[in-house]
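Since the model is a prediction, treat every value here as computed from it, not as a measurement. Below, each value reflects all heavy atoms present in this structure, side chains not excepted, and no hydrogens, waters or symmetry copies.
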Amino acid sequence: MNAPVTRLCTHSLTGMHYRDADLVEELIGHKTFTEVMFMQIMGRAARPTDLRVVDAVLITLMEHGLTPSAIATRLVYMSAPENLQGAVSAGLLAVGSQFVGTMENCAGLLGRLVDAADPEAEARDIVLGYRESRAHLPGFGHHLHKPDDPRALKLLALGEAEAELPGHWLRALRLLARVVDDIHGRHITINATGAVAALLGEIGVPTALMRGFAVISRAAGLVSHIAEEQQEPSGRFIWDTIDHAIPYVGKGR
């Protein structure tokens with residue numbers, strides 16, 4: 001069995017390399033964070049189209065208000081204000097299949113359509129399967145944005161304007177959306193994470209890595225929640241509100 005290797009970083013007494021690039025001479029002051037992040041994750045230099053897509057995705061996912069991840073961060077920071085990173089990591093644990101990280105679920109379906117010999121039939125099988133099981137179809141529906149999610153509309157327009165993108169994942173999402181509306185007999189919005197799944201697929205991000213971009217983006221948003229918590233604390237208010245809103249119904253006094 002061969003010993004494992006890494007291609008991500010090496011250092012010497014006088015310098016450091018990220019992959020094959022000299023950190024001091026080629027990256028610091030020359031490249032943006034997004035460029036270096038993309039290079040480290042994807043193992044190739046980012047094209048201008050990659051950067052536009054990734055920046056749009058990171059901006060879209062950074063902040064969603066007082067969602068479970070932000071509430072977790074604020075409450076943990078209230079409990080341990082000396083541990084900022086602990087509060088951020090608590091919020092990041094909520095990035096998953098129900099909130100923020102749902103692009104991974106949708107991308108799995110889009111990948112099936114991209115690879116299918118008959119995408120239309122595959123799309124119908126997907127939608128009918130989810131309807132019969134009464135499960136939520138990833139990438140579709142939103143409790144606030146109706147009839148359309150403006151973030152998704154913007155992301156799809158940006159992606160479809162990029163001439164270098166092959167368009168397979170974007171067309172797969174459009175096809176799935178059409179079949180969703182046809183089978184359900186009404187329009188169901190494509191949500192932001194559905195659009196994110198298509199865009200990240202277009203630039204070659206593997207489905208199993210897509211949630212990582214949500215983690216990177218949301219980390220910045222959670223730091224902003226801590227910054228606000230330092231100025232206008234809400235953690236104790238959230239705690240007190242829950243304490244009064246959820247009554248005890250046991251036999252204790």
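The side-chain heavy atoms of Phe140 and Ile190, taken from C-beta on, include a pair separated by under 4.5 Å. Taking the side chain as every heavy atom from C-beta outward, Arg19 and Leu8 approach each other to under 4.5 Å. Between Met42 and Ile203 the shortest side-chain heavy-atom distance does not fall below 4.5 Å. You'll find the side chain of Arg47 reaches within 4.5 Å of the side chain of Leu165, heavy atoms only. Side-chain contact between Leu222 and Ser69 is present, with at least one heavy-atom pair separated by less than 4.5 Å.
Results of the side-chain contact (heavy atoms from CB on, under 4.5 Å) test with His184 over Val179, Leu137, Val127 single out Val127 as the only residue that passes.
With no hydrogens or angles considered, a side-chain donor-acceptor pair links His225 and Glu63 at under 3.5 Å. Looking at Arg151 and Thr60, their side chains never bring a donor and an acceptor atom within 3.5 Å of each other. In this structure, a donor-acceptor pair under 3.5 Å is absent between the side chains of Thr49 and Glu164.
Tracing side-chain contacts under 4.5 Å through hydrophobic residues (I, L, V, M, F, W, Y), one never reaches Leu158 starting from Ile59; they form parts of separate clusters. Under the 4.5 Å side-chain heavy-atom criterion for grouping Ile, Leu, Val, Met, Phe, Trp and Tyr, Met37 is connected to Leu200 within one hydrophobic cluster.
Counting all heavy atoms, side chain and backbone alike, Arg178 lies closest to Leu175 at NH2-CD1, 3.0 Å. Contact detail for Glu229 and Gly235: the closest heavy-atom pair is OE2-N, 2.6 Å. Closest approach of Phe38 and Ala46 over heavy atoms only: CD2-CB, 3.5 Å.
The side chain to side chain contact (heavy atoms under 4.5 Å, CB included) search around Arg112 returns Leu109, Glu122, Ile126, not counting sequence neighbours.
The backbone N or O of Ala214 sits nowhere less than 3.5 Å from a side-chain atom of Ser217 that would complete a donor-acceptor pair. For the pair Arg218 (side chain) and Val95 (backbone), a donor-acceptor distance under 3.5 Å is absent.
A salt bridge is defined here as a Lys NZ or Arg NE, NH1 or NH2 lying under 4.0 Å from an Asp or Glu carboxylate O, and Arg174 with Glu160 meets this definition. Note on Arg171 versus Glu202: no salt bridge recorded, every NZ/NE/NH1/NH2 to OD/OE distance being 4.0 Å or above.
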Does the pair Leu199 and Leu170 meet the rule for a side chain to side chain contact (heavy atoms under 4.5 Å, CB included), with working shown?
CA-CA 7 Å; Leu199 284 178; Leu170 290 164; 4.2 Å; yes
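Atom CZ of Arg236 is surrounded by 12 or fewer heavy atoms from other residues, nucleotides or ligands within 6.0 Å.
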